[in-house]
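Working notes, structure below.
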Amino acid sequence: MATVRVQREDFDAGLEAAALARGRRDVGAVASFVGYCRDEGGTLAALDLEHYPGMAEAEMARVAAEAEARWPLIGVTAIHRFGTIAPGEQIVFVAVASAHRGEAFAAAEMLMDYLKARAPFWKRAIRADGTVEGWVAAKEADDASAARWGAAEP
Amino acid sequence: MATVRVQREDFDAGLEAAALARGRRDVGAVASFVGYCRDEGGTLAALDLEHYPGMAEAEMARVAAEAEARWPLIGVTAIHRFGTIAPGEQIVFVAVASAHRGEAFAAAEMLMDYLKARAPFWKRAIRADGTVEGWVAAKEADDASAARWGAAEP
Amino acid sequence: MKLIYFAWVRERVGKSEEDLDLPPEVTTVGDLIVWLSGRGENYAYAFEKPATVRAALDRVHARREAVIAGAKEVAFFPPMTGG
Amino acid sequence: MKLIYFAWVRERVGKSEEDLDLPPEVTTVGDLIVWLSGRGENYAYAFEKPATVRAALDRVHARREAVIAGAKEVAFFPPMTGG
């Protein structure tokens, strides 16, 4: 059963990853990922992250369920923040526990690719000079990353 | 510059992964992995891990340097324990920081594949019934995992 | 029908949500986009490049040919840029 | 020459390390394996399936044809099973 959270506040990635193995003796591998806000060479002051409440959680849960259907996973956690996020801060987290490392890595990477392509979040850049830039355009590379798992278009 | 440690004591995986991004604004992605000791359906009491002191650290550093030569990485940490390790305990850790998630995932997975195939560690299983089993045989799958990165045979 | 807009679709339409009675000829998501585009400059602007607007029916991604009858909530938004 | 053994190679040889004077005809790792195998049953047992034994020269993986002259330390061990 996957744990999915959409929240404004920060999270403790180490604690979340360790929780997947705690008290268990059948977990052989935990692969985890944290996406951070970069300052893009000093030009970015913050990101403003809008989301679709309700659908964001539902879509992340669907993505996690697809990973669980594809590989024999023991646990999945996915967390995505919204609101104003400064450079150096955490934005997104996924972790996958399984018996063996191959499926843990593959599932974690698939989760990130799917989250980026399908979870209803939109970033706006606030520049260091105070200007609020337009919305970040989706990268075709992200759709391509999701497509390589054989995904249907969102 | 990679951080490599070979140690008997446990480690704090969350702290190690977070340290790669702490105080930085150019890290966009940290992929990390923890390998745990499984109890193999209740039959395993512990693993006894022997290593080649000096060579273990050197080989892990070479593996990390190969990952750094292949991808634009910001930081790499690899830790491997030795000694007696019980089911549920952590054995091995790798974490990779980079600007983008693709290279962080790829480098972390390559590091694990290479570590398993090349770092001089040997496992012996201590069974739940008290018998000390022979040495764990290397899996051909591990050599194949390392080979897919185009590695020379160790 | 409850309509919800996000990100620059919301900004162009000028509101984050509204309740509209849809005429009977509007049966699919694609029909709804065409109908909305004729309701004013703000909608026309939001949907000027329809390929860049995504839709969801009751919080599930929906294609243009998806039938909206029975849905409680239709959302329009740009391609996702989370993660 | 310092020789070091690990895991079941160590157990079969019966010691973890030793210092040996190598005869001049032993120039490669492969030569050393053949020479050691003739030194007693314990060595013959350790190297009975030479393909399953790996070698390192001064803590770097070495193939059978690697020349050992100049090395301070030769190690023999089974395929690695860490990680």
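So you know, we letter chains A, B, ... as the sequences are listed, proteins then strands, and number each from 1.
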Task: Verdict with reasoning, A:R62 to C:H61, per side-chain contact (heavy atoms from CB on, under 4.5 Å) - done: CA-CA 11 Å; A:R62 280 191 283 271; C:H61 290 291; 5.7 Å; no

Task: A:E50 and C:R10, any side-chain heavy atoms less than 4.5 Å apart - done: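 Answer yes - side chains close enough.
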
- [ ] Over all heavy atoms of both residues, which pair between C:R54 and A:D143 is shortest? Give the atoms and the distance, please.
- [x]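 Reported closest heavy-atom pair: NH2-OD2, 3.6 Å.
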
Task: Contact summary for A:A138 and C:M80, nearest pair of heavy atoms - done: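 Residues A:A138 and C:M80, closest heavy atoms: CB-O, 3.8 Å.
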
Task: Most chain C-contacting option - heavy-atom pairs closer than 4.5 Å, from A:H51, A:K139, A:M112, A:H80 - done: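 Top count of heavy-atom pairs under 4.5 Å with chain C: A:H80.
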
Open item on the list: Please rank A:I91, A:V136, A:D142 by heavy-atom pairs under 4.5 Å with chain C and give me the top one.
Closed with: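 Result: the option with the highest number of such pairs is A:V136.
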
Chain C contact via [X] - which portion, at a heavy-atom distance below 4.5 Å:
X: A:L115; value: neither
X: A:R81; value: neither
X: A:A137; value: backbone

Open item on the list: How about CD on C:E65, more than 12 heavy atoms from neighbouring residues, nucleotides or ligands closer than 6.0 Å, or not?
Closed with: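 Counting other residues, nucleotides and ligands, CD of C:E65 exceeds 12 neighbours.
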
Open item on the list: For C:Y45, is the OH atom crowded, meaning more than 12 foreign heavy atoms sit under 6.0 Å from it?
Closed with: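 12 or below, so no.
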
- [ ] For A:W122 and C:P78, indicate whether the former's side chain and the latter's backbone hold a donor-acceptor pair under 3.5 Å.
- [x]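 Side chain of A:W122 to backbone of C:P78: a pair is present.
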
Task: Distance, nearest 0.5 Å, that separates OH of A:Y52 from CZ of C:F6 - done: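 That separation rounds to 5.5 Å.
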
